[in-house]
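For the single chain, residues carry numbers from 1 onward in sequence order. It should be emphasised that the depicted structure is a prediction, and the values quoted were computed from it without experimental measurement.
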Amino acid sequence: MTQIVSLSFYRFSGFSGRAWALMMMGAARPALARTPDIKFWKLCGAGKGEGFNPTVNPYTIAILATWDSAELAQDRTANTPIFQRYRKRSVEDWTVFLQPRSVRGAWGGSAPFTAADAPADGPMAALTRASIRKSAILQFWKQVPDISANIGADPNVMFKAGIGELPMLDQITFSIWPDKATMDGFARTGPHGAAIKAVRAGNWFSEELFARFAVHSDRGTWNGTSPLAKLSEAA
């Protein structure tokens, strides 16, 4: 068994689309829990900008889920009723399928991702999830603008998004890079590296998880094209 993680993004437009997406933040949870073969899952809102962001983006939501195989992940995210409802209501959707390579930390007290051997070359994704201590909110958010601007300005990043379960407190940043070396280079330098040192020194997080993934495949478009198409353009 090789675990596959799906991360689906849905974009909405207009008042009715945003209202439906907001209503479904509560209403969709029972249906997601009943989805056949789904394991760990999270329904998340999105922030504006390139990474962690306290400002809510009402036009985008994301669904993260884990599955026991690529076939199950691809079928269930395409054909089960709750995922179909999101796709039909949205004006654009994109799902990326990921194979965990390394995982450190916990999410809600559990370990949702199971790392396994995966291709050493090809695009890589990074996911950071943090529960921010209330006492450290101001210090944390002072660091964020520099990190977000740095990600957005990096010409190598293929996709980046900030999502989360609770605004300000439970935050997730997700990015895709053309290869491991490029991803490592960003993580260790500049504002991102400084922020990691500050987090460690200040004990800002009550819980954190860092995961890296091999990018398996994708479906759909975001901003009119697959974010993975940048690989073909570079080649």
Side-chain angles (χ1 to χ4, degrees), residues 2-9 46-47 49-53 62 64 66-67 70 73-74 94-107 111-130 140 143-164 171-201 204-205 208-235:
T2 300
Q3 185 191 61
I4 292 291
V5 178
S6 64
L7 183 54
S8 302
F9 292 89
E50 315 290 353
F52 288 131
N53 197 298
L64 182 146
T66 66
W67 315 85
Q74 292 165 345
W94 179 64
T95 298
V96 61
F97 301 97
L98 310 162
Q99 185 177 345
R101 286 283 308 275
S102 64
V103 186
R104 178 165 56 87
W107 191 329
F113 307 132
T114 303
D117 291 337
D121 55 358
M124 297 286 294
L127 182 149
T128 301
R129 185 262 180 183
F140 175 80
Q143 294 278 350
V144 167
D146 284 345
I147 300 172
S148 295
N150 227 33
I151 294 176
D154 195 306
N156 295 305
V157 67
M158 301 166 63
F159 179 82
K160 64 275 183 184
I163 58 178
Q171 296 287 311
I172 303 159
T173 185
F174 176 77
S175 57
I176 299 179
W177 304 83
D179 50 53
K180 182 178 181 297
T182 305
M183 182 173 63
D184 288 345
F186 173 81
R188 294 170 181 166
T189 60
H192 189 272
I196 291 174
K197 293 178 181 177
V199 167
R200 295 288 175 265
W204 292 354
F205 298 160
E208 56 189 325
L209 180 143
F210 301 97
R212 292 183 172 188
F213 307 86
V215 177
H216 180 278
S217 57
D218 73 333
R219 181 181 62 236
T221 65
W222 202 248
N223 295 321
T225 187
S226 162
L228 302 187
K230 293 181 180 180
L231 279 178
S232 301
E233 294 170 4

For this session: Using the test side-chain contact (heavy atoms from CB on, under 4.5 Å), find all partners of Ser217 that sit at least two apart in sequence or belong to another chain.
Result: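 Here the qualifying residues are Gln74, Phe97.
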Exercise. Partners of Ala211 by side-chain contact (heavy atoms from CB on, under 4.5 Å), sequence neighbours excluded?
Worked result: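 So Ala211 forms a side-chain contact (heavy atoms from CB on, under 4.5 Å) with Val103, Phe113, Leu209, Phe213.
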Let me confirm one number: the [atom1]-[atom2] distance from [X] to [Y], rounded to the nearest 0.5 Å.
{"X": "Lys160", "Y": "Ile176", "atom1": "NZ", "atom2": "CD1", "result": "11.0 Å"}
{"X": "Met124", "Y": "Trp177", "atom1": "CE", "atom2": "CH2", "result": "12.5 Å"}
{"X": "Arg219", "Y": "Leu228", "atom1": "CZ", "atom2": "CG", "result": "13.0 Å"}

Check whether any side-chain heavy atom of [X] sits under 4.5 Å from a side-chain heavy atom of [Y], and report yes or no.
{"X": "Val96", "Y": "Phe159", "result": "no"}
{"X": "Ile163", "Y": "Leu7", "result": "yes"}
{"X": "Leu127", "Y": "Leu64", "result": "yes"}

Closest heavy-atom contact between [X] and [Y]?
{"X": "His216", "Y": "Ile4", "answer": "CD2-CD1, 4.1 Å"}
{"X": "Val157", "Y": "Ser175", "answer": "CG2-CB, 4.2 Å"}
{"X": "Ala115", "Y": "Arg101", "answer": "CB-O, 3.4 Å"}

Residues which pass side chain to side chain donor-acceptor pair (under 3.5 Å) with [X], listed by chain and number, not counting sequence neighbours:
{"X": "Trp94", "value": "Asp218"}
{"X": "Thr221", "value": "Glu92"}
{"X": "Ser8", "value": "Thr95"}

Problem set entry | Polar side-chain atom of Gln3 near backbone of Leu98 as donor-acceptor pair, under 3.5 Å |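 No, because the side chain of Gln3 does not come within donor-acceptor range (under 3.5 Å) of the backbone of Leu98.
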For this session: List the steps, then state whether side chain to side chain contact (heavy atoms under 4.5 Å, CB included) holds for Thr128 with Glu208.
Result: CA-CA 7 Å; Thr128 301; Glu208 56 189 325; over 6 Å; no
For this session: List the steps and the verdict of side chain to side chain contact (heavy atoms under 4.5 Å, CB included) for Met158 and Thr182.
Result: CA-CA 11 Å; Met158 301 166 63; Thr182 305; over 6 Å; no
